[in-house]
Trainee: 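Dropping a structure here in structure tokens format, bear with me for questions.
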2 protein chains.
Amino acid sequence: MSHTLGIRQAQKQKTRQALLDAALELLEEQSLSSLGLREVTRAVGVAPTAFYRHFDSTADLGVALVEEALGSLHAVIHDALTATWDSDERIARTVELIARHVRAYPAHVRFIARERHGGVRRVREAISEQLGQFADEVRAALRLDPEAAGWTEEDLLMLASLYVDHMVITASAFLTTAPEDLARVSGLAERQLRLVTLGRKHWLDLS
Amino acid sequence: MSHTLGIRQAQKQKTRQALLDAALELLEEQSLSSLGLREVTRAVGVAPTAFYRHFDSTADLGVALVEEALGSLHAVIHDALTATWDSDERIARTVELIARHVRAYPAHVRFIARERHGGVRRVREAISEQLGQFADEVRAALRLDPEAAGWTEEDLLMLASLYVDHMVITASAFLTTAPEDLARVSGLAERQLRLVTLGRKHWLDLS
DNA sequence: AAATACAGAGAACAGTTGTTAACTGGATGA
DNA sequence: TCATCCAGTTAACAACTGTTCTCTGTATTT
């Protein structure tokens, strides 16, 4: 049911995307709070004033980038979690999934890691909301597992948050690791996940 | 053996500290990569050129801030880890220690969380080095525990990294939490630590 | 075919930035 | 006491910033 865009709107979206792409690249070596609107338009090759046709400010652009970087991940996470392998293989595949994603979209990952605690309030809030949503989706997926019997929703969310935070940390670690050390980082992340999973198995032993 | 500084050097250190303090405050609502040298000197009330008597650039100042924020923490961490309470109380006290530190030095904590993945390479590296050192110190402390029998050094470092990362995340969470929700965040962090500790207890069950 | 909407261009604005050079005046050391 | 040092000042620079207003040309609508 996707309505074909007119020439005009199509061109507009193209410029908008060019601005987002240019910004993302410029953000590889600086933070959003130092990104200037002129800098972005210069990189794209349009007049500075054209920026205002798409965004109110660079902060506004940042919020759009959050959507671009995290919006499409919900489906991926859902698939990864509902696949039912045995525990150890599931861990290895999850870490591999993260590694692939970082390789495919390094600039997006860097942006999220950087701006999660960055200097622009609205962007922090947008990221926080998305990650909170991830945690809740993970919690829902964990609920389906037989092992979740006896767990409170609160404790499931506690575990889900641990997983999500660990995912972000791992992604960021992949980003700053030289190619020859990637395997070491993978191994580290896997063992950490295995330890957490072990804790999960014994959570109800006596509480 | 601390040699009394001359009037001259004393005054110099005083302005230097004033620059660091002003910068730290300005950094509460922006990132280091957008912090201008004139901005800092204006806040202190000295001429812009005076800045160069103390730092080459704002990146240089950032590295100094890392030292100020994390340098004094090694001793604190050491004390917290060698104290021998039983496990659950130890966890509660650790989380409480973090909460206190965040309340006492919020700007320092914010700075570290923000610049850990921030836009200035040298500062990222300085933080990474300090956190890596923390992890190694935690590993050494874990080694002393009877429970570490049978553990490889690699696995101990794996666990230590998990603790350090969790500490940073928790500190950052305290920072962005309204006073009435602090208890909830404490509870969450404690349960996560308890789960990790549970995994630790069963790590050698069959590997 | 004519009227309108609107993405982008152009020019100009006041204010900001980092950095250089030459200077001042009080603490320091001979 | 006198020469030296040096933390901080003053003034000036070219370059840059976000934002405003006015204009243009083409796609869209009537």
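To find a chain, count down the sequence lines: A is the first, B the second, and so on, and within it residues start at 1.
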Trainee: Kindly write out the residues that satisfy ring-ring contact (aromatic ring centres under 6.0 Å, His included) with A/His108, not counting sequence neighbours, or none if the list is empty.
Mentor: A/Tyr105

Trainee: With the sugar-phosphate defined as primed atoms, P, OP1 and OP2, and the base as all remaining atoms, what B/S/- string results for nucleotides 22-30 of chain C, 5' to 3', for protein heavy atoms under 4.0 Å?
Mentor: ----BBS--

Trainee: Axis-to-axis angle across the helix from C/dA1-D/dT30 to C/dT17-D/dA14, five pairs an end, to 10 degrees?
Mentor: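 Inter-axis angle at the ends, rounded: 20°.
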
Trainee: B/Leu73 versus B/His101: any side-chain heavy-atom pair under 4.5 Å?
Mentor: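 A side-chain contact exists here, since the closest heavy-atom pair is under 4.5 Å.
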
Trainee: Base, sugar-phosphate or nothing for B/Ala47? Non-hydrogen atoms, less than 4.0 Å.
Mentor: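 Base: the residue B/Ala47, judged by heavy atoms under 4.0 Å, touches a nucleobase.
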
Trainee: Can you check whether A/Leu131 reaches A/Ile127 side chain to side chain, under 4.5 Å on heavy atoms?
Mentor: yes

Trainee: Mind checking what makes salt bridge (charged side-chain N to carboxylate O under 4.0 Å, His left out) contact with B/Asp60, not counting sequence neighbours?
Mentor: B/Arg122

Trainee: Identify whether the distance between the nearest side-chain nitrogen and carboxylate oxygen of B/Arg93 and B/Asp88 falls below 4.0 Å.
Mentor: no

Trainee: Could you check whether B/His78 and B/Glu137, counting side-chain N and O atoms only, form a donor-acceptor pair closer than 3.5 Å?
Mentor: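 The criterion, which ignores hydrogens and geometry beyond distance, is not satisfied for B/His78 and B/Glu137.
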
Trainee: Using a heavy-atom cut-off of 4.0 Å to chain B, what are the terminal contacting nucleotides of DNA chain D, in 5' to 3' order?
Mentor: D/dC5 to D/dA12

Trainee: Residues two or more places apart in sequence or in another chain: which of them pass ring-ring contact (aromatic ring centres under 6.0 Å, His included) with A/Phe55?
Mentor: A/Phe51

Trainee: Go through the side-chain N and O atoms of B/Gln130 and B/Glu125 and say whether any donor and acceptor fall under 3.5 Å apart.
Mentor: no

Trainee: Just jot down the salt bridge (charged side-chain N to carboxylate O under 4.0 Å, His left out) partners of A/Glu28, sequence neighbours excluded, or say none.
Mentor: A/Arg110

Trainee: Under 3.5 Å, is there a donor-acceptor pair between the A/His117 and B/Ser172 side chains?
Mentor: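 Indeed, the side chains of A/His117 and B/Ser172 share at least one donor-acceptor pair under 3.5 Å.
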
Trainee: In terms of side-chain geometry, is the basic nitrogen of A/Asp21 or A/Arg16 positioned less than 4.0 Å from the acidic oxygen of its partner?
Mentor: no

Trainee: Take the C1' atoms of the five end pairs on each side of the helix from C/dT19-D/dA12 to C/dA30-D/dT1, get both axes, and report the angle to 10 degrees.
Mentor: 10°

Trainee: If you look at every strand shown and take non-hydrogen atoms under 4.0 Å, does A/Phe51 touch a base, only sugar-phosphate, or nothing?
Mentor: nothing

Trainee: So, using salt bridge (charged side-chain N to carboxylate O under 4.0 Å, His left out) as the criterion, who are the partners of B/Arg143 when residues are at least two apart?
Mentor: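 If we apply the salt bridge (charged side-chain N to carboxylate O under 4.0 Å, His left out) test to B/Arg143, skipping adjacent residues, the hits are B/Glu153.
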
Trainee: Taking only residues two or more places apart in sequence, or in another chain, which ones meet B/Asp136 in a salt bridge (charged side-chain N to carboxylate O under 4.0 Å, His left out)?
Mentor: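 B/Asp136: salt bridge (charged side-chain N to carboxylate O under 4.0 Å, His left out) contacts with B/Arg139.
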
Trainee: Could you check which residues of residues 14-42 of chain B get a heavy atom under 4.0 Å from DNA chain C? Sort them by number, please.
Mentor: B/Gly36, B/Leu37, B/Arg38, B/Arg42

Trainee: Got a sec, which residues hit ring-ring contact (aromatic ring centres under 6.0 Å, His included) with A/His166, two or more places apart in sequence or on another chain?
Mentor: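 In terms of ring-ring contact (aromatic ring centres under 6.0 Å, His included), with neighbours along the sequence ignored, A/His166 is linked to no residue.
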
Trainee: In whole angstroms, how far is the C1' atom of C/dA5 from the CD atom of A/Gln11?
Mentor: 16 Å

Trainee: Looking at B/Leu32, B/Leu70, B/Leu20, which hits side chain to side chain contact (heavy atoms under 4.5 Å, CB included) with B/Leu65?
Mentor: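 The option that passes is B/Leu20.
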
